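In what follows, a single structure is set out as structure tokens and then discussed.
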2 protein chains.
Amino acid sequence: MATVEKKSRNTRQQKLILQALRQTDRHPTAEELYEKVREAMPRISLATVYRNLMKLERLGQAQVFKAPGEKRRYDGNVRTHAHFRCRNCKRFFDFDGSNGVFGSLERELGQWSREDFEVEDYRLELIGLCGDCR
Amino acid sequence: MATVEKKSRNTRQQKLILQALRQTDRHPTAEELYEKVREAMPRISLATVYRNLMKLERLGQAQVFKAPGEKRRYDGNVRTHAHFRCRNCKRFFDFDGSNGVFGSLERELGQWSREDFEVEDYRLELIGLCGDCR
DNA sequence: TTTTTATTGGGAGGGATTATTGTTAATGAC
DNA sequence: GTCATTAACAATAATCCCTCCCAATAAAAA
């Protein structure tokens, strides 16, 4: 049975949350975004922040990262890029492909595509020890 | 005080709207007719489309169907016929009486007629799940 | 033609619908 | 147990359809 998609509303809260998310590359948690958005809208609820982050993910405007035992972290940068998570200090970095590491990965992905499916994008998260923790 | 019926003018807009309405059996919404008529008259206003649809109904040249929470749908076919509305996908079909269902309905209607009133016509709208949504 | 006035375009406004909110409580992972 | 996240629900507000407004236009009458 064809499901009727209900349509989304562009609320003030949603705009503020997306804006706060894009203003940083520090991959904030919901709690951190909550504190930030509260500066502009003191009465906003934490549940609203969570709900909007879910919605933004559904809309392709945000990415969510979850590691066992860690809080969820959010990213408003939807250009394809990789992340590095330090298993010691738990920091979560952007990791760009400027060193050419990803070129070969992407060639590989291209080869996986066949007539019945096509790899269009990827998500890559690297875990290890960061420079400070080594 | 007798209300003076003001006389109607046959405008270019009215002609185009009626023509567009008769060219389809898809029971368009005002918005859809607006888009269609705009091809021939780009500067026509949506309000004009609504106004003319009201007028055409008054003149007996169109029928209007309204279900709660749904947009109004218009039909340029003024011969008596039934409709089927799918509660899921919201499509709105013509429903002809070729299977004999309406024969008995009409006999029934005939019996309701008495000296003080007479059933001359009917409007029948069926709501359910269409084939695709079942 | 000129006059009369129904009708138009376009934006603003209103009522109805319903997605979203704030709150508190419940859940569930660890 | 603790703490991150979600559910429940009545109140709120975003949005959708449609209508109103009014100066400008154009159909029909004179």
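If you're wondering where the values come from, they're calculated on a predicted model, not measured in any experiment. Protein chains get the first letters and strands the later ones, always in sequence-line order, with residue 1 at the start of each.
Contact annotation for Ile44(A): backbone-only contact, meaning every heavy-atom pair under 4.0 Å involves sugar-phosphate atoms and none involves a base.
Taking every side-chain heavy atom of Ala47(A) into account, dT24(C) is the closest of dA19(C), dC18(D), dT24(C).
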Just the table, please: protein N/O against nucleotides 27-30 of chain C N/O, every pair under 3.5 Å.
none

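Every residue meeting the side-chain hydrogen bond (donor to acceptor under 3.5 Å, both in side chains) condition with Lys55(A), not counting sequence neighbours, appears here in chain and number order: Gln14(A). Among residues two or more places apart in sequence or in another chain, the salt bridge (charged side-chain N to carboxylate O under 4.0 Å, His left out) test is passed with Lys36(A) by Glu39(A). Taking the salt bridge (charged side-chain N to carboxylate O under 4.0 Å, His left out) definition, one finds that Arg38(B) meets it with Glu35(B), sequence neighbours left out. The side-chain hydrogen bond (donor to acceptor under 3.5 Å, both in side chains) test applied to Arg72(A) returns no partner, not counting sequence neighbours. In this structure, the side-chain hydrogen bond (donor to acceptor under 3.5 Å, both in side chains) partners of Thr48(B), at least two apart in sequence or on a different chain, are Arg51(B). Listed by chain and number, the residues in a side chain to side chain contact (heavy atoms under 4.5 Å, CB included) with Glu70(B) are Ala67(B), Arg85(B), Lys90(B) (sequence neighbours excluded). For the side-chain hydrogen bond (donor to acceptor under 3.5 Å, both in side chains) test, residues two or more places apart in sequence or in another chain that qualify with Gln61(B) are Arg22(B).
Between the OG1 atom of Thr11(B) and the CD atom of Gln13(B) there is a distance of 4.5 Å, given to the nearest 0.5 Å. Between Lys15(B) atom NZ and Asn52(B) atom CG the span is 11.5 Å, to the nearest 0.5 Å.
Distance, Arg58(A) CZ to dT6(D) P: 13 Å, rounded to whole Å. dT20(C) atom C1' lies 16 Å from atom CZ of Arg43(A), rounded to whole Å. Atom CG in Leu16(B) sits roughly 16 Å away from atom P in dT7(C) (whole-Å rounding). Rounding to whole angstrom units, NZ of residue Lys6(A) and P of dC16(D) are separated by 15 Å. To the nearest angstrom, C1' of dA4(D) lies 12 Å from CD of Glu70(A). In this structure, the NZ atom of Lys71(B) is 8 Å from the P atom of dC18(D), given to the nearest Å. What separates CZ of Arg73(B) from P of dC18(D) is a distance of 10 Å, to the nearest Å. When rounded to the nearest whole Å, the span between CZ of Phe65(B) and P of dC17(D) equals 19 Å.
For the segment residues 48-55 of chain B, the set of residues with a heavy atom within less than 4.0 Å of an atom of DNA chain C comprises Thr48(B), Arg51(B), Asn52(B), Lys55(B), in numerical order. A heavy-atom distance below 4.0 Å to DNA chain D is reached by none of the residues of residues 22-35 of chain B.
Counting only residues at least two apart or on different chains, the ring pair (Phe, Tyr, Trp, His ring centres under 6.0 Å) pairs with a member in residues 7-37 of chain B are His27(B)-His83(B), His27(B)-Phe92(B).
In terms of heavy atoms, Thr29(B) sits closest to Tyr74(B) at C-CD1, 4.3 Å.
Two residues are said to be in side-chain contact when any heavy atoms from C-beta on lie closer than 4.5 Å; Ile17(A) and Leu53(A) meet this criterion. Contact of the Asp25(A) side chain with the Asn77(A) side chain is not registered, since no non-hydrogen atoms from C-beta on lie closer than 4.5 Å.
Close to dG22(C), at under 4.0 Å from its OP1 or OP2, lies no side-chain N or O of Arg38(A).
Under the 3.5 Å distance criterion, the side-chain polar atoms of Glu57(B) are left unmatched by any main-chain donor or acceptor of Met54(B).
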Counting primed atoms, P, OP1 and OP2 as sugar-phosphate and everything else as base, the B/S/- map of nucleotides 23-30 of chain D against protein heavy atoms under 4.0 Å is ---BBS--
